[in-house]
**Student:** 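Please read through the structure below; I'll follow up with questions.
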Amino acid sequence: MRLIAGWKRVWLIGAFVLAFVCVAATELRAQTKASDKEWVAVVEAAKKEGKVVVAGSPDPVMRNDIIPKFTARFGIPVEFVAGRSSQIVSRVETERAAGIYSIDVFLAGPDTSANELYNDKMIDPLKPLLVMPEVADGSKWKSGKVWFVDPQEQFIVRAFSSVATLLFINTEHVKPDELRQMKDLLNPKWRGKISTEDPTTTGAGANKAARFYVQIGEEFVKNLYIDQKSVRTRERRQMTDWLARGTQPICLDCREDDVRPLLKDGFKILEIFEIAGAGPTINGSPWMLSLANKAPHPKAAQVFANWILAKEGLETYARGYGSATLRTDVDESFLNPGNVPKKGVKYFDDTDWKWIVGGRHENRDKVWKLLKAR
Amino acid sequence: MSRAATTAMPRSRRFHLRPIRLAEFSFLVFLAVVMGLPLLFLLTGSFNLSAPGKPAVYGVDNWLRAFTDSGTLSALSMSFTLSVVRLIPAMILSVSFAWLIARTDMPGGKFIESVCWIAYFVPDFPLVLAWILLLDPTFGFLNSLAKSLPGVEGSIFNPYGFWGIVWVHTSTGGIWFKVMLLVPVFRRLGATLEEAARVAGANTATMLWRITLPVLAPMIVAVSVLSFIRGLQSFNTELLLGTPAGIYVYSTKIYDFLQREPRAYGEATALGSVFLLVLAVLLFFYWKFLSGGKKFTVVTGQGFSTLRVKLGKWRYVAFAGCLLYVAVTMLLPLTFLVIGSFMRRYGFFNITSPFTLNHWHSMLSDPIFLVALKNSLIIASTTAIGGVLLYSALAYLLVSRRTITAPLLESFCWIPHVLPGILLSLGVLWLFLATPLRFFLYGSVWGIAAALILADSPVTTQAFKAGLLQLGAELEESARVSGASWRYTYRRVLLPLLAPIAAAVGLMNFGSALTSISTPVLLYSHESRPLAILLLEYSFTGELERAAALGLLITAIIGTMMLVGRKLGLHLAGSE
């Protein structure tokens with residue numbers, strides 16, 4: 001009897017679980033269908049708006065890959081307003097003061113996104129608009145959900161997280177084992193042989209110097225940028241050419257997408273992500289995504305935002321730019337393994353909200369004071 | 001205005017002032033709005049301390065921050081030094097070139113003049129890089145050649161530094177612009193005075209010093225002022241060659257404030273105001289100079305001789321000298337630029353298969369390219385024609401009227417020359433958006449053309465003014481006495497005499513419109529993107545080879561237009 005009663009209980013529980021699973025599955029399917037339906041409706045409405053206006057940095061990936069793919073997929077033309085962030089924001093603010101709202105989507109750097117677009121209330125919450133099933137699905141994201149970096153977790157999406165390059169070396173002139181620790185950079189042998197984007201003005205050079213200031217200290221920054229006579233430039237191509245020729249075989253701020261063609265041409269360039277004395281760093285390059293408020297083409301903007309966060313959009317960008325995305329379903333085999341963050345490693349996050357809105361500026365000002373005083 | 005200007009005014013017209021006065025005040029209102037308002041916006045904005053979109057709070061903090069920023073004063077001093085050092089040899093060379101081309105029997109003058117025109121419009125960024133390839137201490141082509149000479153050890157040339165900047169400036173833009181402006185006015189100079197001087201026993205040098213230069217002084221001084229201020233604002237070359245050597249100029253400081261996040265336009269405007277101050281001082285002396293009882297009329301109704309100064313056997317030496325200068329300063333880097341556009345990586349000859357047609361192919365097959373080309377041609381043609389019509393009329397007013405508004409009119413004209421391009425663009429953007437015409441102007445090719453016409457006002461007005469100062473009043477008077485209407489007189493007398501200058505400044509404006517980046521940068525839209533913005537995008541993303549190809553294509557367009565324009569100018573002038 002007891003055995004029968006036990007089996008009865010098992011059957012009952014099993015039936016209950018089965019019923020629950022069936023209901024949940026039905027509900028999920030209904031939700032998915034609703035989500036699909038909602039997405040289809042958004043796409044239809046977007047097509048009626050005729051176009052989407054995207055503002056961002058003038059990079060070839062956007063021009064050559066993203067725009068043609070998006071237009072081919074949805075039949076919605078993309079107008080791309082390209083320029084330096086500061087120029088685009090000036091323009092948008094002036095337009096808005098005159099009651100003109102021309103931009104739908106911003107693909108901007110962390111500084112512009114946090115300190116200008118968010119701070120000046122130029123953007124709308126994006127979270128409720130992410131309805132494309134493969135974007136809304138938390139399992140498709142390494143962090144379990146779309147990563148909104150702003151305090152309300154509504155406005156600005158971070159879609160990338162790559163290990164940042166610490167420096168590049170030309171191995172015909174510098175052997176990797178000559179740079180085992182950060183203080184090796186201060187070897188008199190490298191005096192005048194290190195190139196950097198000018199750290200005395202806004203940009204990657206100043207950002208890296210601010211990081212060194214926090215991570216290693218003022219004395220190191222002084223020694224590296226002043227005593228070592230690091231050669232400064234504001235032209236990124238100039239730095240890459242110096243690296244290739246070996247004139248300045250150590251480059252602190254060369255960009256990976258600029259160096260990649262050199263590797264194809266057989267130059268002996270090595271990308272270094274970490275050296276003892278400076279912790280590894282991740283960042284959200286190349287952009288953060290936000291939607292303009294009072295956008296002239298809100299549905300088209302919504303479609304673009306969803307698509308660029310989906311597998312096709314992000315993978316296209318990741319391949320072109322060489323950055324690791326935060327999606328779980330993007331193939332990363334084409335990336336330099338060093339670019340992909342490793343589990344269990346503690347990284348300094350160069351795109352962390354608090355760092356962007358406060359720490360970086362404070363430390364950059366200290367660096368400027370230090371360097372300009374000399 | 002000056003006494004010289006008064007003499008150029010037909011006396012009979014002093015009794016028919018109304019239409020001209022109406023035109024004068026219309027111009028004043030127009031210029032006050034289009035030139036004065038953007039400046040006012042900028043200056044007011046520079047005192048606004050609050051964040052964008054917040055209620056305005058006024059104070060002087062931006063100004064204090066700008067001028068107490070470390071390095072501002074040393075950068076200003078460096079800019080002045082560089083500008084003066086560059087100006088002196090460049091003016092001597094330019095006047096010599098213009099004189100040789102227009103006033104002497106040197107062979108090949110037209111060829112040299114054409115080269116000057118083409119050279120001016122070669123984009124400077126890839127050209128500076130070409131100079132680096134030639135002069136770099138480690139891999140520079142000329143240094144490598146020099147090292148192969150006996151007794152030479154180490155590198156001789158170094159572009160990174162003060163003298164490197166001076167040299168590259170002299171090559172990229174030092175004399176071409178000045179020669180372009182000076183040659184037409186040198187041509188207008190009748191030979192009568194020179195012949196009289198020669199009869200009186202003066203040699204060529206005395207004649208040049210005592211006759212030619214003094215009567216052409218308005219244009220020479222105007223070109224010097226234009227060049228000096230342009231030198232103060234110079235930026236690209238200093239950025240590439242100065243930064244590695246720790247040389248910072250004033251424009252770099254302004255650029256830094258413009259690039260900051262959040263933007264610091266207030267500080268940038270404060271620093272830019274120094275240019276206004278410099279301009280005010282220079283204009284004061286310029287006006288004093290013109291009103292000092294001098295007379296600059298060289299084209300009168302009493303016969304016009306175009307006989308040129310005979311140089312004898314020195315004519316070939318002069319030609320060889322000009323040719324050598326052009327070859328070294330322009331053809332050499334230009335050759336590198338042409339080669340660079342066909343290289344997989346600009347300046348890298350040691351990689352496998354270094355040459356390719358890909359950059360040209362990808363540029364020409366880029367769907368944006370054809371749209372940008374069409375936009376650029378519309379913008380450049382509108383700018384050229386609009387600028388000539390507007391500023392020839394303005395210059396006529398400035399020269400032919402004695403009125404208290406002339407200094408104001410002229411001051412307004414100079415404003416675009418002293419505002420850094422991006423600030424001018426911002427000012428014009430504010431202006432467009434504040435008018436009912438904003439839906440027509442903002443983001444359209446017409447808006448960009450309008451902004452470029454404004455930006456061209458100093459050079460165009462000064463060129464026409466200098467040309468008009470050369471014309472004698474009796475030319476108009478005799479036409480009027482013969483019963484000609486003002487329009488008929490303008491068409492049959494003034495226009496043919498001004499045609500070479502009109503052709504020159506029209507072409508110059510056409511070329512500037514094709515290559516200008518800072519003026520349209522805040523005004524273009526996806527539909528109205530011109531070639532120069534495409535060039536900026538290529539440079540920004542490090543696609544230097546494609547930028548070189550596009551730069552060469554722009555130069556070729558300008559070269560073609562130059563040939564057509566010269567032909568037209570000569571036709572209008574009746575010289576054909």
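Proteins come first, then strands; the chains are lettered A, B, ... in the order of their sequence lines, and each starts at number 1. Keep in mind that this is a model prediction, so the values were computed, not measured.
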**Student:** With only heavy atoms counted, which part of B/L426 is less than 4.5 Å from chain A, the side chain, the backbone, both or neither?
**Tutor:** side chain
**Student:** Strictly distance-based, threshold 3.5 Å: is any side-chain N or O of A/E235 a donor or acceptor partner for the main-chain N or O of B/L239?
**Tutor:** no
**Student:** State, to 0.1 Å, how close B/G347 and A/R245 come at their nearest heavy-atom pair, and which atoms those are.
**Tutor:** O-NH2, 3.0 Å
**Student:** Is B/L523 close to chain A through its backbone or its side chain, or both, or neither, when contacts mean heavy atoms under 4.5 Å?
**Tutor:** backbone
**Student:** With a 4.0 Å cut-off, would you call A/E79 and B/R529 a salt bridge?
**Tutor:** no
**Student:** Hey, could you give me the CZ/OH distance between A/R63 and B/Y538, rounded to the nearest 0.5 Å?
**Tutor:** 5.5 Å
**Student:** Which of the residues A/T201, A/T94, A/V231, A/I88 is involved in the greatest number of heavy-atom pairs with chain B at under 4.5 angstrom?
**Tutor:** A/T94
**Student:** Under the side chain to side chain donor-acceptor pair (under 3.5 Å) test against A/R234, which residue among B/D256, B/T243, B/T252 passes?
**Tutor:** B/D256
**Student:** Among B/W430, B/F348, B/Y346, B/Y160, which residue forms the greatest number of heavy-atom pairs with chain A at distances under 4.5 Å?
**Tutor:** B/F348
**Student:** Which residue out of A/D59, A/T233, A/V81, A/I100 racks up the most heavy-atom pairs below 4.5 Å with chain B?
**Tutor:** A/I100
**Student:** Measure distances from B/L544 to the heavy atoms of chain A and classify the residue's part below 4.5 Å as side chain, backbone, both or neither.
**Tutor:** both
**Student:** Evaluate B/E537 against A/F80 for side-chain contact (heavy atoms from CB on, under 4.5 Å), listing each step before the verdict.
**Tutor:** CA-CA 12 Å; B/E537 290 178 13; A/F80 187 45; 6.0 Å; no
**Student:** What part of A/D198 lies closer than 4.5 angstrom to a heavy atom of chain B: side chain, backbone, both or neither?
**Tutor:** side chain
**Student:** Given a strict heavy-atom distance threshold of 4.5 Å, which part of B/R345 is in contact with chain A: side chain, backbone, both, or neither?
**Tutor:** both
**Student:** Between B/L133 and chain A, which part of the residue has a heavy atom less than 4.5 Å away: side chain, backbone, both or neither?
**Tutor:** side chain
